[in-house]
Amino acid sequence: MEIKSVLSSKIDAAFTQLGLQGQAAVQASARAEFGDYQANGVMAAAKRAQKNPREVASQVVDILDLAGVASKVEIAGPGFINITLEAKFLAQNMPGRVDPVTEAATIVVDYSAPNLAKEMHVGHLRSSIIGDCLVRVLEARGHHVIRQNHVGDWGTQFGMLLTFMQDNNADGRTDALADLELFYRAAKVRFDADDNFRSRARLAVVGLQSGDADSLSAWQHFIEISMTHCDDIYQRLGVTLTRKDIAGESSYNDDLAQVVKDLDAQSLLQESAGAQCVFLDQFKNKKGDILPVIVQKSDGGYLYATTDLAAIRHRTGTLKANRVLYFTDARQSLHFKQIFAVASVAGFNRNNASLEHMPFGSMLDAKGKPFKSREGGVIKLSDLLDEAERRATELVRQKNPHMSQAQAENLGRVIGIGAIKYADLSKNRTSDYVFDWNQMISFEGNTAPYLQYAYTRIQSLFSKGDVKVEDLPSQVIAIDEHERRLAVTLAGFNDTLDQVIEEGMPHLLCSYLYELATRFTQFYEACPILKSDGQDRSRRLALANDTAMTLRQGLDLLGIGVVSHM
RNA sequence: GCGCCCGUAGCUCAACUGGACAGAGCAUCGGCCUUCUAAGCCGAGGGUUGAAGGUUCGAGUCCUUCCGGGCGUACCA
């Protein structure tokens with residue numbers, strides 16, 4: 001159950017009854033002395049009604065019915081309402097699982113979107129794992145999720161690659177394409193140096209666009225190999241995207257001319273310097289200069305704005321999305337503002353869906369510069385994952401000198417990939433973040449290994465104490481203060497997931513899990529579990545089990561695995 | 001030039017969107033392993049939230065100006 005929603009709806013009802021305008025503004029209490037939850041909305045509502053906030057608070061509390069939910073409701077300060085939850089209510093809200101929402105929505109999530117001309121590099125990491133986390137959380141809450149991997153599988157660069165492929169007789173040879181990055185670079189060198197090659201490459205693009213069978217089959221072959229590279233990365237990263245989620249740029253080809261035609265039919269189109277543009281007033285600066293949204297180049301070609309407009313029609317029309325979430329680089333903010341606006345005036349948003357750009361910042365190195373390889377080039381994602389696994393395996397070996405190499409490598413995979421993902425997911429999506437191996441690999445503090453470690457300690461309790469989890473009570477009343485704080489934290493799980501869904505912010509789930517693990521470890525240090533008897537023992541084991549299930553479930557929603565020993 | 005984002009402890013990040021004394025981790029210093037995994041726990045120090053004004057019961061959060069940084073800004077995505 002969502003504690004915040006329960007409290008909010010009760011307090012909102014009291015507000016309505018008293019004729020007050022405003023929201024309850026419930027949040028977890030800032031300090032232990034303020035109870036478990038606090039409602040801050042009275043002050044604002046009282047001001048609006050020009051009444052004394054403390055009096056209003058006392059009226060709210062008088063008619064507030066929190067029977068079975070709260071054991072204590074107090075007014076504090078200028079008009080805060082502090083709420084302490086009833087022990088029995090807490091007992092009923094030990095999560096261990098995710099509750100489904102009452103109204104499921106259809107939500108399209110656009111994420112990952114690698115350029116298939118090259119191999120995936122670090123720039124694709126954030127979109128892939130942040131988007132995948134949202135997908136997991138949305139599905140867990142019972143929403144109908146449609147993944148859309150908007151891969152870059154079309155455009156001029158493919159002319160170059162296909163021509164290079166033919167010249168090198170690489171059509172049927174996967175080994176030539178084993179390293180797409182090298183292949184791309186070699187093709188680019190040829191393209192820049194050889195006029196004849198360049199013109200043949202341009203012809204190949206024309207062939208592709210006009211649907212020439214040979215060009216198309218070569219193109220398909222190339223795409224197939226490139227996607228195999230992506231699948232491998234997704235599999236290693238634990239990203240749930242599959243082939244059926246691919247809706248690349250090429251899939252909108254047939255609709256692009258129609259998009260332009262439809263814009264024209266609504267008199268939204270204007271020619272400027274030979275290009276077909278949409279000019280909207282809201283993209284005018286103070287001086288009156290208007291920014292165009294170009295939908296067709298002067299040479300007749302289409303652009304990503306055109307493709308994205310076609311995608312909006314498809315997603316809100318055919319797919320019937322209520323929400324469309326775009327996980328792309330923050331640098332595309334203006335682009336999305338523009339196409340959302342165009343879609344709106346042109347009536348392309350068929351379902352009146354909420355179109356939301358979920359931008360994220362760049363990865364920087366320790367010096368605050370864009371994260372590059374030592375040579376200044378892009379870093380392949382596969383290399384990054386190799387290094388994470390290598391470093392983690394090394395650390396596992398240090399901590400467990402007697403462990404076999406194979407076992408250390410197994411642990412190293414889960415821990416290393418978890419560490420790299422968590423380091424990213426735990427930071428606020430919108431800002432740039434510093435990627436630092438030394439920090440990430442220390443595995444101390446707010447990291448995935450800390451959470452995984454808390455989980456293994458619980459598993460260790462169960463195996464050492466020969467505990468059958470199914471025999472544990474499903475509801476227990478917390479007694480010790482450490483138990484109670486743990487129970488309150490456990491109860492907040494579903495609230496956290498709601499917030500992640502609302503704002504598209506996985507770091508909120510990370511913060512929650514870190515707090516949960518911290519609370520558990522404090523409880524673990526303070527309260528003997530296996531060494532206690534009777535009710536103390538079963539109660540504490542039940543709390544430990546709920547913590548373990550919530551940690552595992554929460555990490556799974558982040559796309560991070562757990563191990564039973566580390 | 002114009003637009004968007006950012007500036008919080010030595011470093012990396014939080015702060016539930018205007019709430020109570022700005023919190024964590026790393027690093028530093030001091031304690032805790034014959035007791036359920038020390039990848040842990042307990043404690044200490046460390047802040048004029050870039051600066052100055054303003055709005056109000058209350059501002060890291062909103063408004064104005066300035067300083068510093070990043071990104072974007074007509075046919076790449």
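Just so it is clear: chains get the letters A, B, ... in the order the sequence lines come, proteins before strands, and each one is counted from 1. Side-chain atoms are counted along with the backbone in the values below, which use heavy atoms only and exclude waters and symmetry mates.
- Side-chain atoms of A:D153 and A:S250 form a donor-acceptor pair, as typed in the model, at a separation below 3.5 Å.
- Shortest non-hydrogen contact noted between A:L551 and A:L451 is CD1-O, 4.1 Å.
- Within 3.5 Å, a donor on the side chain of A:Q38 pairs with an acceptor on the base of B:A20, or the reverse.
- When heavy atoms are screened at a 4.0 angstrom cut-off, A:S298 is found touching base atoms of the nucleic acid.
- One donor-acceptor pair, N or O on each side, does fall under 3.5 Å between the base of B:C16 and the side chain of A:K4.
- Note on A:Q522: a side-chain N or O is less than 4.0 Å away from OP1 or OP2 of B:C42.
- OP1 or OP2 of B:A39 lies within a sub-4.0 Å distance of a side-chain N or O belonging to A:Y453.
- Using a 4.0 Å cut-off, some side-chain N or O of A:H507 falls inside it from OP1 or OP2 of B:A15.
- Side-chain atoms of A:S272 come within donor-acceptor range of the base of B:A74, with a qualifying N/O pair under 3.5 Å.
- A distance of about 10 Å separates the P atoms of B:U61 and B:G7, rounded to the whole Å.
- No N or O donor and acceptor, one from the side chain of A:N438 and one from the base of B:A27, sit under 3.5 Å apart.
- Judged by distance alone with a 3.5 Å cut-off, no donor-acceptor contact links the side chain of A:R457 to the base of B:C36.
- If you check the side chains of A:Y37 and A:N82, you find no donor sitting under 3.5 Å from an acceptor.
- The CD1 atom of A:I458 sits 13 Å away from the C1' atom of B:G40 (whole-angstrom rounding).
- The side chain of A:S460 places an N or O atom within less than 4.0 Å of a non-bridging phosphate oxygen (OP1 or OP2) of B:U37.
- For the OP1/OP2 pair of B:C41 and a distance below 4.0 Å, the side-chain nitrogens and oxygens of A:Y450 include at least one atom meeting the criterion.
- If you check B:U28 for Watson-Crick or wobble pairing at under 3.5 angstrom, you find it paired to B:A44.
- No cation-pi contact links A:K427 to A:Y433, judged by a cut-off of 6.0 Å to the six-membered ring centre and 45° from its axis.
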